[in-house]
Amino acid sequence: MYRLTILFLLTLLACGRGSSQQQTTATAPPDSAKVYRFGEASRDGIGKVYQSREIAQVMGHLGASWLERPEREQEERTDLLLKALDLKPTDVVADIGAGTGYFTFLMAPEVPQGKVLAVDIQPEMIEYLNEGKAKRKAVNVQPVLGTESDPKLPANSIDLAIMIDAYHEFSYPREMITHIASALKPGGRIVLVEYRAEDPSVPIKELHKLSVAQATKEMKAVGLKLLKNDKRLPQQHIMFFGK
């Protein structure tokens, strides 16, 4: 019980309710200095600014228990999110920042003739995903170890990419979205699920929220446009972008 309590507290601290999680180190992509500004980090950020937004600290694998908490469905209404995606049985979906696979394994039965590519940059999360795949016999789930700047997805290979409370923590958001956009099939969609920065009543720290205006600005920088903002979730935007 003590260990679970510590894990829970660490997760709250990292995911917008508190302290510092160390970023995974990676070689900076070429020209990144032209895209980002660097300064002193705020309490919940990493000191790296993209499109006037400081990037938030990342949640590490110690937060696994928070991702799998029993009350998550009711708090975040993941059932409504699943309906909003309107998945087709043959769709190939990339769950970017999949973590333990909580939402990966909810999507998998919706695409029985397709598959879910569960992408994460932490080997520990890939282990969780492989364990979950074996436990559930989810043959259409494929864990993928990406990097901070590249999700390692083949070009023209996916119908939809979804990032749930993850995009605001990307160390290289421009590079990541550029790669993800290249992986989209014609008519493919990118979905950002983010806590509403416009709503001060949402009990999440500011750097772990994202407004529609800010998200639209950042997606426009890589040639994407807002297709729809679905408002059915209690605290989060469901923002659909396309080419």
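Keep in mind that what you see is a predicted model, and the values were worked out from it rather than measured.
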Worked check of side chain to side chain contact (heavy atoms under 4.5 Å, CB included) between T216 and N229: CA-CA 10 Å; T216 300; N229 177 29; over 6 Å; no
Residue that, paired with E218, satisfies salt bridge (Lys or Arg N to Asp or Glu O under 4.0 Å) out of R53, R174, K225: R53
Partner of D159 by salt bridge (Lys or Arg N to Asp or Glu O under 4.0 Å), out of K88, K115, K185: K185
Quick check against the 3.5 Å criterion: does [X] have a side-chain atom that pairs as donor or acceptor with the backbone of [Y]?
X	Y	result
R189	L85	yes
E206	P200	no
R196	P234	yes
D91	L87	no
D120	G99	yes
K243	L224	no
Q214	Q51	yes

Side chains of [X] and [Y]: does their closest heavy-atom pair fall under 4.5 Å?
X	Y	result
V49	F38	no
L153	I96	yes
V58	F170	no
N156	L184	no
S52	R37	no
V193	H237	no
Q57	L207	no
M219	L226	no

Parallel, tilted or perpendicular: ring planes of Y36 versus Y172, cut at 30 and 60 degrees: perpendicular
Candidate pair D165 and Q236, rule side chain to side chain donor-acceptor pair (under 3.5 Å), full reasoning: CA-CA 9 Å; D165 303 325; Q236 294 153 296; 3.0 Å; yes
Worked check of side chain to side chain contact (heavy atoms under 4.5 Å, CB included) between T90 and V111: CA-CA 6 Å; T90 56; V111 291; over 6 Å; no
By ring-ring contact (aromatic ring centres under 6.0 Å, His included) - contacts of F240 (at least two apart): none
F241 vs L227, side chain to side chain contact (heavy atoms under 4.5 Å, CB included): CA-CA, chis, key distance, verdict: CA-CA 5 Å; F241 294 90; L227 303 175; 5.6 Å; no
Qualifying residues under side chain to side chain contact (heavy atoms under 4.5 Å, CB included), relative to D86, sequence neighbours excluded: none
Mind listing the closest non-hydrogen atom pair of [X] and [Y] along with its distance?
X	Y	value
I158	I180	CD1-O, 4.4 Å
T147	K152	CG2-CE, 3.9 Å
A84	D230	CB-OD2, 3.8 Å
H179	P151	CB-CD, 3.5 Å
S157	V92	O-CG1, 3.5 Å
I238	R232	CD1-CG, 4.2 Å

Test log, rule side chain to side chain donor-acceptor pair (under 3.5 Å), inputs E194 and H208: CA-CA 8 Å; E194 293 280 352; H208 291 269; over 6 Å; no
K135: partners by salt bridge (Lys or Arg N to Asp or Glu O under 4.0 Å), with sequence neighbours left out: none
Hey, what do you get for [atom1] ([X]) to [atom2] ([Y]), rounding to the nearest 0.5 Å?
X	Y	atom1	atom2	answer
L210	H168	CG	NE2	8.5 Å
K205	Y195	NZ	OH	15.0 Å
I121	S171	CD1	OG	6.5 Å
I162	D95	CD1	CG	6.5 Å
M107	L82	CE	CG	8.0 Å
Q142	T104	CD	OG1	11.5 Å

Salt-bridge contact K48-E54 (side-chain N to carboxylate O under 4.0 Å): no
D44 and S42 side chains, donor-acceptor separation under 3.5 Å: no
Residue K220 excluded, over 12 heavy atoms near NZ under 6.0 Å: no
Pair Y167-I177, side chain to side chain contact (heavy atoms under 4.5 Å, CB included): steps then yes or no: CA-CA 9 Å; Y167 174 75; I177 296 300; 3.5 Å; yes
